[in-house]
Structure formats: C-alpha cells, structure tokens
Amino acid sequence: MKFINYIEKVSGVDVIGLFSLTAFFLFFVILLIWLFKSNKENFTEASRLPLDNQD
Amino acid sequence: MQVEKFYYDNRIVRAFGYATIISGVIGMIVGLWVAIQIYYPAASLNLAMTTFGRLRPLHTNAIIFAFVGNACFTGIYYSLQRLCKARMWSDKLSWLHFWGWQAIIAGAAITLPLGLTTGAEYAELIWPIDIAITIIWVVFGINMMMTIMKRREKHIYVAIWFYIGTWVTVALLHIVRSFEIPYSLTGSYPMFAGVQDALVQWWYGHNAVAFVLTTPVLGLMYYFLPKAANRPVYSYRLSIIHFWTLIFLYIWAGPHHLLYSALPDWAQSLGVVFSVMLLAPSWGGMLNGLLTLRGAWDKVREEPVLKFMVVALTCYGMATFEGPLLSLKSVNAISHFSDWTIAHVHIGGLGWNGFIAFAILYYMIPKMWGTTLYSKKLASNHFWLGTIGIIIYAVPLYWAGFEQSIMWKQFTPEGQLKFDFMQTVTNIKPMYWARSIGGALYLTGTFIMIYNLWKTIKQGKFIANEEAEAAPLVKAIPAVKEKWHRVLERKPVTMLVLALIVVAIGGIVQMLPTFLIKSNIPTIASVKPYTPLELQGRDIYVREGCYTCHSQMIRPFRDEVARYGEYSKAGEFVYDFPHQWGSKRTGPDLAREGADKNKRPDSWHYTHLYDPTSTSPGSVMPRYIWLLDNKLDTSNTPAKIRVMQKLGVPYPKGYDKIANQDLMKQANEIAASLKKENIESLPDAEVIAVIAYLQRLGRDIQNEPKPITENK
C-alpha cells in the first residue's frame, strides 16, 4: 500500500494550511508585543547567566 | 538558603573534544582526497572503496555528524552543566551517548566505503544505523532534558533553547527521512518516490544544515562568545526573536534546492519566500554576536578565541546572505548544479562551523586543564592559515561555478550549443587545483591547533570533576503575575513541545499537499516500472554514488533541453525509490541518457565504465573496473520486487518468483549485443545491469505527444 493512502484518510486536511498561517501570525505578533512591552531588567539579568560562573 | 556543592563532569567534555578533533581531521583528509580526485581521478587508486562516489558521502557525513556533531556535544556538555548549575543528570547516559555516537560514526566509516548507502544526500546511512541514531538521540535528549529539570538556575538561558530546538527538530527530520522498508539486512527502499522523495530529501537536507550546522552552533556562540569577551550578549531581546524566527522560517526553505525541477511550482515559490525571509533572523543573530564585541575589539587582537569567533560570525553572515540570494530563481538558474554551491557550503562549513569548533576548543581545553593556552602565536598562525585557506578554497570555486554555468548556457550564432560538456570541465581544472591548495592550508592549520592543544594539555592537570556551588531551586510563587514568555522560559518541556509544533507545521503544510493532491504529480501512462535487471542496475548506480556527480533532472532551459533533451516531468519519477536528481553536475545530466537523442551503443557504456577517458578524452570520471568483474547478486531480486510492490509499484502478483528469469533474459540480450561489438562479457556481470539501467533512462516518454502534462 502506498504511503499516500494513509495520509489521504486524514479528515479536514486542507484546513491545516489556513490554521497554521493564522497560528504563526498570531504567535509572532504576540511575541513581538511581549518583547517590546516587557521589562528590560529581566533580560539584563538573563543575559548575564553565562558570566555568573566562577570559571 | 543552604548552598549545595556539586561537580561538573569534565570527562565527558574531554571525550567529545578528542572525538571532535579526530573526526575533524579524518573528515578533512577525506575531503582533500576527494577534492584531488576531481581533477586527478587516478587518486581513487582505482579501488571501489575509495572512489569519489563512495568517499564523498563519507566526507559530508564525517564533517556534519562526526566533526560538527561531536563539537556541538562537546560545547553542549560543557555549557549546559554550567548554565544549569548542575552536573549532567546521568553519567551513564552521557557515556552511552558518547560511545553510541562514536559507534555510529565508525559504522558510517565502514559501510559508506563498502557502498552500503540509501542514496539520499546526508542521510546515506543504512537502516540499522538509522535505528541506532534514533536510540542514541533519545538517550542524549533524556539526559539533556533531565539536567535542565534538575537545574539550580531558575532561568533557562537562550543557548539552551537552541539546544532544545535542535534536539526536537533533528529527531523529527531523522525519523521522517528514515521512513524506509528494508529488503535485506543492509538494504532498503525509502517510502517515497520521485518528486515526493525529493521534497522529503531537501526538507531534510536543508534542515540538516539548519539544525545540525546552525542552531546548536548558534547556541554555542551565545554561550562562548559572551564568556570569551567577558560581557553579556548585545541584545537578549534580539536573541529571543532570533531563536523563534529562525526555527520557524528554516523548516520551510527546503524546496529552494529544487527550483526549476519537477516539483510543483507552488512548493518552489514557498521555499523561495521563506528563504528570503531567513535573511532577517540570520543577520539579526550575526549582528547580535558581532555587536557583543562593541568596545572590546582590542581584545579580539589579543584573544585567539575571539579572532576565530569574529571570522566565524562573518562567514555565517556571508553564507546566510548568499543563501537567500541563491534561492532566487534567476540566481539559482546559474548557480545550481555548479561548484558555486560547493563554495557556498564551505564558507559555512570551514568558516562558520570549523572556526566555532576551533574557538570553543581553544577556550575549553585550557580551562579544563587549569592552565593557559600553550602558545597564542601558534593559535594566531592557525587562524591565518585557516582564513587564507578558506579564501583560496572558495574564490576559485565561485569562479569555477560561475564560469562553467555560463559556458553551459552559451550558443553559437547558428543556434548550436557553443561548448560540449567536456570543454566546460577541462576549462575549470585549474580552479580545482587551487581549491585543494586552500583545503590543504586549512588542514595544516588544524594540525597546528592539535600540536598547540597537546602542549597545553601537557602543561596542565586535568580537572575531571570541577567543583561548583549553588543554591537549589525552590518553587517560589512570584508576588506579581509573570508574563507568559517569562514563565515559558522556565518550562523546558513546554518549550520543547512548542518548538516541535513550530517546526512540524512547516513540514506538514509543505509536504502534505504534495502527498495528497494527485494533480501535483500528474501520472504519465507510458511510464512503466523498471525491469528487474534495470532495478538491480539502478541499485548499483545508487551504491556507487553516481548521484554525487550526475544529476537526473533536466530543467526547462533552452541549453539544457538542447543538451539533454525534453525537460523532466514529475510523472517520470513515480517509480524512483529513491529519486536520483542529484545536486551537482561534475558530469553531464543522465535523465535521458538512454533516450534516442542521446542513445549510445551498449559497447560504448561498457568501454566507458572500464575507462572513461577511452571514450571521452579528458574525462575526470573514475574507472569502474570492478563492475566488469563483480557477479550480480540476484538472490535479493524477489525481496526487492516484493518491497516495490508494497510501495505501490504495479508489478503483477507473484512476479517476485519469476523476476530473475526476466532478468537473465534481458542480461543475455545485452551480453549478445556486446558480443557483436567484440566485447566478451558474462551476462551476470554487474556492468550488464548498469548498462540496462542507463539505457532505460528517459525512454518512457520520448514518444509521447506534447503537451504531456499539465501542472497547475
């Protein structure tokens, strides 16, 4: 049996494209909004992590 | 709060570090060897095991998975422990990972020269090794995730996100690319054929570059660069954008390897769009790295680690600028199948991956041996040899690629092709010589590094268990409600799942339609399955790695149609398990080698395989003497036919039982035709099967009326 036959049975497979576009668009918009609204101090603290070690 | 005392495991870092150096040297030597074979084919020693077609996969696999792979593990085991303020969760799993990975590399080093291959670029390893990779990858993943869970540091630093993203994506890529049905202990056919196989292949191949050669190395960059410069990364915000955008965009870009091919147009366009967008996060990351050094450039002059890092980042920037450029259709029309691609890849491989690997070794080894680097001067010499080596390697190859491609496309005023293929090859031989000199310089630099590191190790004392202290992590409920990403940054498993969703959707959207919608691959009635002899011949073609030099994909350009015949159609490849479109034309395209337009007698192929220069003076193809002597193994024909039937190839029921009769009948016919030309060959020699396959190529649709297919 060809592999294609298995995927063909996925119902509503064509919605995936539309869903993913929306999902990603929203994901990145929220990511950007969060990044530019959040407190810079958190980042400063995080960015010093590699330097905190003794070595 | 009670401070806990614990120890970082440096032994595992050391082991992976040594493995990095050894596999790097081997991978580079093999690379230099095949680079010499391109202009001096006798350097193959006329042995099956050491011909270009078998060694080239060894070179690419050794560099990607052994050298860069081991370098990433070295850096990950070092930085992960320190960023998590915890020892690796399980020493046992660490060592299982180490020895498992080295065993896989050893397996590759044995099987590839033996011609045991799947014929898919960068995924050539046979199915038992594929299973081993899966198991060892899971071992690594468990150990990494558990270390992150048991960390003593609340926040998960961005480098670790890159490690998590890498782990989950490589797992996905490897599993999907390895869907195959075995017909023997060492042989298998992929689940996909033709266009679908090509799409899976370059989704995989492109993302092997993205998630083995880029994301983990970026993680290393985000740890070791701030460390070596002793200042935090320029913008942490940018690093977050870098991470999410990169993993999201990269996964879609694969089809840019298939422009102007028989892949449906919409998929090609999708690949182009995402490739162009990739420029943004890539350059964001590069600038983030370089700007980290603002105000510290005086250190770059002094510190070898930073020197290597700066050139590495510059090469990363160059390669990721060139990548989107190459994925534009008009540029790709010239660059594809030429040495341009090879030059591009080596800016990334030698410059970005190699130099980051060297930088972290120069950083970690003195630290782990509690000493300083033996000689900064030698490191500086290494740096210059490497840098000049990259330039001497890449510039001639860019030139060769551009010049050859332009020559392919030239016509005389009368409308004839101006150059035959051989002229375009002999013309660029000097560039091939120069390239191998560049490679040799780079390798010399590596040996200097080994000497330098060896002396460093001699003067220090290895700290097997490095003492550290930190307070344990307690579950504190924050006074104010935290932002979602801030919370996410502390949840490694959620992060892993999210990363998986991000990359999986890219793959699904791209591939599902090609698998589902029949109109994407219009079938052609006259395309028939291969005969058993042709099938065996095809498997020998795959075994010998012919695809490393010959494409089977005629693009719809005037010169290609004039040179090779009608452009390739998607429907022609429906029985090609695996597809053999190739990615480089060191030799001419073979998609229509057997069609009337290009037809040559069987005797020509026989003589040509015995000694290519006898029929094509100046040829750089190696001799395939063993094909004339080796007896064709027909014992696996029934098993192969049965697997093909499972895959949907319409051989009649029960054909496996009689396939060998048909095979011998066809073989006898070819032997008889050779005899007419005074060539004595046993009908069961391997060469007969190869001739059968080559003579079949492109014959199916030559008598079809046009237009043959509609591809909308």
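Chain letters run A, B, ... following the sequence lines, proteins first and then strands; every chain starts at 1.
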Considering all heavy atoms of both residues, which atom of Tyr157(B) and which atom of Ala46(A) are nearest to each other, and what is their separation?
CD1-O, 3.4 Å
Find the distance between CG (Leu49(A)) and CD1 (Ile160(B)) and round it off to the nearest 0.5 Å.
8.0 Å
So what's closer than 4.5 Å to chain A heavy atoms on Ser239(B): side chain, backbone, both or neither?
neither
Only pairs of heavy atoms separated by less than 4.5 Å count here; which of Val233(B), Asn230(B), Ile241(B) has the most with chain A?
Ile241(B)
Between Trp244(B) and Phe27(A), what is the ring plane arrangement, given parallel below 30°, perpendicular above 60°, and tilted in between?
perpendicular
Count the heavy atoms belonging to other residues, nucleotides or ligands that lie under 6.0 Å from OH of Tyr234(B), then report whether that count exceeds 12.
no
Quick one: pull up OG in Ser47(A) and NE2 in His155(B) and give me the separation to the nearest 0.5 Å.
9.0 Å
Rounded to the nearest 0.5 Å, how far apart are CZ of Arg82(B) and CG of Leu51(A)?
14.0 Å
Report the residues that fulfil salt bridge (Lys or Arg N to Asp or Glu O under 4.0 Å) with Lys40(A), sequence neighbours left out, ordered by chain and then residue number.
none
Set of residues satisfying ring pair (Phe, Tyr, Trp, His ring centres under 6.0 Å) with respect to Phe28(A), sequence neighbours excluded
Phe248(B)
